[in-house]
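Inspection log for the structure reproduced underneath, given as structure tokens.
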Amino acid sequence: MSDNLRDVEEGVTRDLRDRQTYAGYLALDRLLDAQHPLSEPEHHDELLFIIQHQTSELWMRLIIHELDAVLSSLSLDDLGPAQKGLARVKQIQRQLFEQWGVLATLTPSEYVKFRGVLGDASGFQSLQYRIIEFQLGNKNRQMLDVFAHSPADQERLRTVLEAPSLYDEFLRYLARRDYQVPTDLLERDVSEPHRRREDLVPVFKAIYDAPKRDWEAYEMCEGLVDVEESFQLWRFRHMKTVQRIIGYKRGTGGSSGVGFLRAALDLTFFPELLDVRTEIGA
Ligand code: HEM
Ligand SMILES: N[C@@H](CC(=O)c1ccccc1NC=O)C(=O)O
């Protein structure tokens, strides 16, 4: 290696005709042909904008896939795999959070030069983002309206709206383990958002007061809190990135912009899991 050159070993496959290849397996021809800047002349930074969103959508695709598996594991009382799935989701969320640093290199002066080509498009219309919010329990039927232009997408979102969320499945699991989960919560209309319930806090207090009695449930609670916190961190960083790039302009989706994004920080997935912390040791 003294000549700073690595010999390609004899055994390395060179003739890839009629073989499974890297590019073939990953469909790179399609993946790398899906970036189409609209600015004319093309603005240098539009590609950054497109790739930031496309990579986010790819990671969101994986989050949905993992959360589907977590939901199904929970329904089968399979806490180990559910726990593992949540740990993976948390790492993907960390990736999505860190990615904001790349977009933050886009200055307001650069962004205004191509913002016009976005027209009415907005992240508000991200189907996968809405699916994740619904899986986690931020149900909101009004969101279906945005997808009226695409019946297949709307149907997909409606299915998730009407399915139990992660919290619903966890509470059902706890009830099967004889925790005193209020029964109306087990039979609720799952297409509605979960509303904070004081009488749920004692269930979690029992778990947190004696972690060793039911370690699996305890770990699951912490896993859910991790995912909620990571989601809020993403929302916060989105809001701050938007503030530094477009200030207090209205959004292309028609909302007030930063104020609308800030309001999302008040949404919560598992409120009682945070409330219980005040009660620990009391
Ligand atoms: C220059 C960068 C960005 C700007 C200026 C921006 C701006 C905004 C604004 C103003 C909204 C509110 C809806 C509207 O009126 O348009 C919004 C919503 C949204 N954006 Fe972005 N955004 C940016 C980047 C991103 C990225 C990289 C993603 C990742 C997929 C994203 C995902 C979303 C989502 C999911 C919403 C809906 C949030 C909610 O309903 O609470 N945005 N964005
Ligand atoms: N809402 C943004 C535009 C925007 O960010 C956007 C436009 C098209 C595709 C994705 C987008 N990302 C997130 O909202 C704005 O008001 O500038």
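Atoms considered below: every heavy atom in the structure, side chains included; atoms not considered: hydrogens, waters and symmetry mates.
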Open item on the list: Under the salt bridge (Lys or Arg N to Asp or Glu O under 4.0 Å) definition, can you give me all pairs with a residue in residues 55-73, not counting sequence neighbours?
Closed with: Glu66-Arg88

- [ ] Kindly say whether the aromatic ring centers of Trp100 and Phe236 come within a distance under 6.0 Å.
- [x] no

- [ ] Please list, chain by chain and in numerical order, all residues satisfying side chain to side chain contact (heavy atoms under 4.5 Å, CB included) with Ala175, sequence neighbours excluded.
- [x] Val181, Leu186

Task: Joint hydrophobic cluster, Leu62 plus Leu96, side-chain heavy atoms closer than 4.5 Å - done: yes

Open item on the list: If the threshold is 4.0 Å, N to carboxylate O, is there a salt bridge linking Glu222 and Arg277?
Closed with: yes

Task: CG-NZ distance between Leu200 and Lys205, expressed to the nearest 0.5 angstrom - done: 14.5 Å

Taking distance alone, no hydrogens or angles, what donor-acceptor pairs closer than 3.5 Å link side-chain atoms of residues 260-275 to residues at least two apart or in another chain?
unit_1	atom_1	unit_2	atom_2	d
Thr268	OG1	Glu228	OE2	3.1
Glu272	OE1	Tyr167	OH	2.6
Glu272	OE1	His194	NE2	3.1
Glu272	OE2	His194	NE2	2.8
Glu272	OE2	Arg197	N	2.6
Asp275	OD1	Arg196	NH2	3.3
Asp275	OD2	Arg196	NE	2.8

TODO: Report the relative orientation of the aromatic rings in Trp234 and His238; use parallel for angles under 30°, tilted for 30 to 60°, perpendicular for over 60°.
DONE: parallel

Open item on the list: Under a 3.5 Å cutoff, is there a donor and acceptor pairing between the side chains of Gln93 and Lys90?
Closed with: no

Task: side chain to side chain contact (heavy atoms under 4.5 Å, CB included) against Tyr218, all qualifying residues, sequence neighbours excluded - done: Ile207, Tyr208, Pro211, Trp215

Open item on the list: According to a hydrophobic-cluster definition based on side-chain heavy atoms being under 4.5 Å apart (Ile, Leu, Val, Met, Phe, Trp, Tyr only), do Leu76 and Phe170 belong together?
Closed with: no

TODO: Please step through side chain to side chain donor-acceptor pair (under 3.5 Å) for the pair Ser56 and Gln99, ending with a clear verdict.
DONE: CA-CA 8 Å; Ser56 299; Gln99 189 163 314; 3.3 Å; yes

Under 3.5 Å, which donor-acceptor pairs link side chains of residues 27-36 to any protein atom two or more places apart or in another chain?
unit_1	atom_1	unit_2	atom_2	d
Gln35	NE2	Leu31	O	3.0
Gln35	NE2	Gln54	OE1	2.6
His36	NE2	Asp33	O	2.9

- [ ] Would you list the pairs meeting salt bridge (Lys or Arg N to Asp or Glu O under 4.0 Å) in which at least one residue belongs to residues 107-131, sequence neighbours left out?
- [x] Arg130-Glu133

- [ ] Would you list the pairs meeting ring pair (Phe, Tyr, Trp, His ring centres under 6.0 Å) in which at least one residue belongs to residues 2-24, sequence neighbours left out?
- [x] none

TODO: Please list, chain by chain and in numerical order, all residues satisfying side chain to side chain contact (heavy atoms under 4.5 Å, CB included) with Thr13, sequence neighbours excluded.
DONE: Leu16, Arg19

- [ ] Name all residues meeting the side-chain hydrogen bond (donor to acceptor under 3.5 Å, both in side chains) criterion together with Asp77; count only those two or more places apart in sequence or in a different chain, and write none if there are none.
- [x] Arg176

Task: Listed partners of Glu169 passing side chain to side chain contact (heavy atoms under 4.5 Å, CB included), at least two apart - done: Leu71, Leu74, Ser75, Pro164, Arg172

Task: Val190 with Leu67, same ILVMFWY side-chain cluster at under 4.5 Å - done: no

Open item on the list: Suppose the criterion is salt bridge (Lys or Arg N to Asp or Glu O under 4.0 Å): which pairs have a residue in residues 145-163, not counting sequence neighbours?
Closed with: Arg141-Glu162, Glu155-Arg158

- [ ] Please list, chain by chain and in numerical order, all residues satisfying side-chain hydrogen bond (donor to acceptor under 3.5 Å, both in side chains) with Gln95, sequence neighbours excluded.
- [x] none

TODO: Verify the neighbour count for atom CD of Glu198: are there more than 12 heavy atoms of other residues, nucleotides or ligands below 6.0 Å?
DONE: no

TODO: Could you tell me how the ring of His53 sits relative to the ring of Phe49: parallel (under 30°), tilted (30 to 60°) or perpendicular (over 60°)?
DONE: tilted

